[in-house]
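Here is the structure we will look at, set down as structure tokens.
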Amino acid sequence: MKDVFSIKEAIQKIEYFCSYQERCHEEVVAKLRSMKMDSDEIDQIMVHLIASNFLNEERFACSFARGKHRIKHWGKIRIINELKYKNISQTLINTALQEITPEEYAMTFHALAERHWESIRETNALKKRKKFCDYMLRRGFESNLVYDKVKELEKLAHG
């Protein structure tokens, strides 16, 4: 890889970078910095990418939320935190979360919870409860959902 790119070369490279996967502004700026572009060049390229619709934070946020929920089974809290970490505005985060219907969210949550509960090979009830809750909370599901679910699963187990 060569060290110095003309603006034209950088634009070509970064258009490709943005076209095969949705990106947030921060990722693109970091990539341009790694290509040794200076601030003025970065500003110029960013304006071009946004104007040409290669870069769209709303599209990124929505795609991120859908993907992380459907593929990685993340809860809303984890999705929100990851988007905040990528400097996505609260307004766009709220828009992105609307991509996940309440029905789909509930289905994913219950399926993941039941599958994980069954997979825990722990005879001590308290340890099992802790392992389950820790896992579901790490996944980013709301604590009230997690605690209600663990009670339901424990009742079924002892029912």
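Since we're looking at a predicted model, the values are computed, not measured.
Residues Tyr135 and Phe141 keep their aromatic ring centres 6.0 Å or farther apart. A distance below 6.0 Å separates the ring centres of Tyr20 and Tyr16.
Under the side chain to side chain contact (heavy atoms under 4.5 Å, CB included) test applied with Arg23, the options Ile14, Val28, Val29 reduce to a single match, Val28. Here the rule is side chain to side chain contact (heavy atoms under 4.5 Å, CB included) with Trp117, and of Lys128, Met136, Lys149 only Lys128 fits it.
At least one donor-acceptor pair closer than 3.5 Å links the side chain of Glu27 to the backbone N or O of Cys24. With Glu57 contributing its side chain and His25 its backbone, the two residues share a donor-acceptor pair below 3.5 Å. Judged by distance alone, the side chain of Arg59 and the main-chain N or O of Asn53 form a donor-acceptor pair under 3.5 Å.
A donor atom on one side chain and an acceptor atom on the other are found under 3.5 Å apart for Gln90 and Asn94.
A salt bridge is defined here as a Lys NZ or Arg NE, NH1 or NH2 lying under 4.0 Å from an Asp or Glu carboxylate O, and Glu122 with Lys131 meets this definition. Classification of Glu82 and Arg78 as a salt-bridged pair holds, one side-chain N sitting under 4.0 Å from a carboxylate O. The pair Glu104-Arg70 meets the salt-bridge criterion, with a side-chain N (NZ, NE, NH1 or NH2) lying under 4.0 Å from an Asp/Glu carboxylate O.
The two atoms that bring Phe132 and Val150 nearest to each other are CD2-CG2, 3.5 Å, heavy atoms only.
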